[in-house]
Amino acid sequence: MISAKEAYSLSAPNLERYRAFIDKRIREATSVGILRVEIREDPYSMWLYNESELSDKDAVRVIKELRDLGYSVSQYYSEAQFIVDVALVISWDKP
């Protein structure tokens, strides 16, 4: 029989990796006084493209956790000729 740790890893294979990546980016930004991060790396940049149809349950959980912690989470999207710029935007600026 598998251990609880193994079962957790199988049911949420990317959760800790997503959390660690985003936490690192937030800490880097706060260390230089920036109040937001724009994450353009995959898969993060497309998480909110169609949030209601996001099938990555670990991504859904991380987005919910960020919002529960008070972060504003949105998507930046800009399209120009031959270029599309997409980012997951996490902000902790006061409203």
Side-chain angles (χ1 to χ4, degrees):
M1 183 173 292
I2 67 172
S3 70
K5 183 177 180 178
E6 290 171 308
Y8 179 82
S9 293
L10 292 173
S11 64
N14 297 311
L15 186 60
E16 293 307 320
R17 182 170 55 94
Y18 291 167
R19 284 177 177 158
F21 179 84
I22 290 172
D23 183 69
K24 180 180 180 216
R25 294 292 300 271
I26 290 171
R27 289 177 187 275
E28 289 171 350
T30 60
S31 72
V32 293
I34 298 174
L35 299 173
R36 66 187 262 155
V37 292
E38 294 181 0
I39 301 174
R40 288 180 167 77
E41 292 88 343
D42 287 331
Y44 312 95
S45 63
M46 294 302 289
W47 279 0
L48 298 182
Y49 183 72
N50 192 350
E51 186 176 358
S52 64
E53 294 185 15
L54 182 60
S55 62
D56 184 336
K57 63 186 173 199
D58 295 335
V60 170
R61 186 167 172 186
V62 170
I63 292 166
K64 181 182 182 327
E65 288 174 0
L66 286 166
R67 289 178 173 150
D68 289 348
L69 289 169
Y71 292 98
S72 170
V73 183
S74 61
Q75 183 180 45
Y76 172 79
Y77 184 91
S78 176
E79 188 174 343
Q81 187 176 10
F82 307 117
I83 298 173
V84 175
D85 186 14
V86 181
L88 175 67
V89 180
I90 303 168
S91 173
W92 49 95
D93 196 4
K94 286 189 175 183

Open item on the list: Starting from Y44, can I reach L54 by hopping between I/L/V/M/F/W/Y residues whose side chains sit under 4.5 Å apart?
Closed with: yes

- [ ] Could you go through the side chain to side chain donor-acceptor pair (under 3.5 Å) check for S3 and E6 one step at a time?
- [x] CA-CA 5 Å; S3 70; E6 290 171 308; 3.2 Å; yes

Open item on the list: I'd like to know if K24 pairs up with E41 as an ion pair, taking the criterion as any Lys NZ or Arg NE/NH1/NH2 lying under 4.0 Å from an Asp or Glu carboxylate oxygen.
Closed with: no

TODO: Check whether any side-chain heavy atom of I39 lies under 4.5 Å from a side-chain heavy atom of I90, and answer yes or no.
DONE: yes

TODO: Mark yes or no for whether N14, through its side chain, and R17, through its backbone, hold a donor-acceptor pair below 3.5 Å.
DONE: no

Task: Gap between atom CG of L35 and atom OG of S72 - 0.5 Å precision - done: 12.0 Å

Task: Verdict with supporting geometry, R40 and E38, salt bridge (charged side-chain N to carboxylate O under 4.0 Å, His left out) - done: CA-CA 6 Å; R40 288 180 167 77; E38 294 181 0; 3.0 Å; yes

Task: Side chain proximity check, S45 to Y76, heavy atoms < 4.5 angstrom - done: no

Open item on the list: For the CG atom of N50 and the CD atom of E53, what is their distance to the nearest 0.5 Å?
Closed with: 4.0 Å

TODO: Could you pull out the closest heavy-atom pair between R36 and I34, with the gap in Å?
DONE: O-CG2, 3.0 Å

- [ ] Could you give me the CA-CA distance, side-chain angles and deciding distance for W47 and V60, then say whether side chain to side chain contact (heavy atoms under 4.5 Å, CB included) is met?
- [x] CA-CA 8 Å; W47 279 0; V60 170; over 6 Å; no

- [ ] Can you measure from CG (L88) to CZ (R25) and round to the nearest 0.5 angstrom?
- [x] 9.5 Å

Open item on the list: Could you walk me through whether V37 and Y71 satisfy the side chain to side chain contact (heavy atoms under 4.5 Å, CB included) test, starting with their C-alpha distance in whole Å, then the side-chain angles of each, then the deciding distance to 0.1 Å, before giving a yes or no?
Closed with: CA-CA 11 Å; V37 292; Y71 292 98; over 6 Å; no

Task: Spatial distance of atom CD (E16) from atom CG (D58) [nearest 0.5 Å] - done: 9.0 Å

Open item on the list: A side-chain contact here means heavy atoms from C-beta on lying under 4.5 Å apart; do V62 and R19 qualify?
Closed with: yes

Task: Single-linkage hydrophobic cluster V89~L66, side-chain heavy atoms < 4.5 angstrom - done: no

Open item on the list: Could you measure the distance from the CD atom of E65 to the CD1 atom of I22? Nearest 0.5 Å is fine.
Closed with: 9.5 Å

TODO: Could you list who else is in V86's hydrophobic cluster, with ILVMFWY side chains joined at under 4.5 Å, directly or through other members?
DONE: M46, Y49, Y77, V84

